[in-house]
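Quick caveat, the model's predicted, so the values are computed rather than measured.
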Amino acid sequence: MEKTFGNLEYAGEGKVEQRRRINGRMTTLSRSYNLYSDIQRADDIEVILP
């Protein structure tokens with residue numbers, strides 16, 4: 001993993017996918033977070049958690 005990604009740093013929160021329920025409450029479907037890699041500098045890494 002170290003050779004592929006190097007050191008990863010938190011770069012902030014990405015999108016939050018939400019859906020409205022029948023009773024009017026919002027439900028979170030997924031969240032995404034952005035990471036920076038010192039090895040893969042041209043590509044940002046996005047982690048999506050359902």
Side-chain angles (χ1 to χ4, degrees):
M1 186 173 122
E2 186 175 324
K3 290 180 182 180
T4 303
F5 296 111
N7 294 315
L8 296 174
E9 291 185 28
Y10 177 73
E13 187 173 355
K15 295 186 289 184
V16 176
E17 297 273 336
Q18 292 186 331
R19 178 174 58 191
R20 189 175 298 251
R21 287 182 147 192
I22 295 172
N23 63 3
R25 292 179 51 193
M26 296 296 279
T27 301
T28 301
L29 298 176
S30 66
R31 293 181 184 270
S32 67
Y33 298 94
N34 301 314
L35 303 175
Y36 289 135
S37 166
D38 63 350
I39 299 222
Q40 296 184 17
R41 294 179 187 211
D43 298 322
D44 291 339
I45 298 169
E46 182 179 38
V47 177
I48 300 172
L49 302 174

> For Y33, is the OH atom crowded, meaning more than 12 foreign heavy atoms sit under 6.0 Å from it?
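Enclosed.
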> How close do G6 and I39 get, counting heavy atoms only, and between which atoms?
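Smallest interatomic distance, heavy atoms only, reads CA-CG1, 3.5 Å.
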> For E13, give me all partners under salt bridge (charged side-chain N to carboxylate O under 4.0 Å, His left out), at least two apart in sequence or on another chain.
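Here the qualifying residues are R31.
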> Within a reach of under 6.0 Å around CD of Q18, are more than 12 heavy atoms found that belong to other residues, nucleotides or ligands?
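Yes, CD of Q18 has more than 12 neighbouring heavy atoms, counting only those of other groups under 6.0 Å.
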> What residues form a side chain to side chain donor-acceptor pair (under 3.5 Å) with T4, not counting sequence neighbours?
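T4: no side chain to side chain donor-acceptor pair (under 3.5 Å) contacts found.
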> State yes or no: do Y36 and L49 share one hydrophobic cluster built from I, L, V, M, F, W and Y residues joined by side-chain heavy-atom distances below 4.5 Å, directly or via other members?
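In one cluster: no.
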> Less than 4.5 Å apart, any side-chain heavy atom of T28 and any of V16?
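Sidechains of V16 and T28: in contact.
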> Does a side-chain heavy-atom distance below 4.5 Å link I45 with F5?
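Result yes, sub-4.5 Å side-chain heavy-atom pair found.
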> Can you list everything that forms a side chain to side chain contact (heavy atoms under 4.5 Å, CB included) with E17? Sequence neighbours excluded, please.
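Checked E17 against side chain to side chain contact (heavy atoms under 4.5 Å, CB included); matches are K15, L29, S30.
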> Rounded to the nearest 0.5 Å, what separates atom CD in E9 from atom CG in N34?
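The distance works out to 13.0 Å.
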> Indicate the atoms forming the closest heavy-atom contact of Y10 with L35, along with that distance.
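Closest pair (atom of Y10, atom of L35, distance): CA-CD2, 3.9 Å.
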> Can you tell me if N7 uses its side chain to pair, donor with acceptor, with the backbone of D38 under 3.5 Å?
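Side chain of N7 to backbone of D38, a donor-acceptor pair under 3.5 Å: no, none is there.
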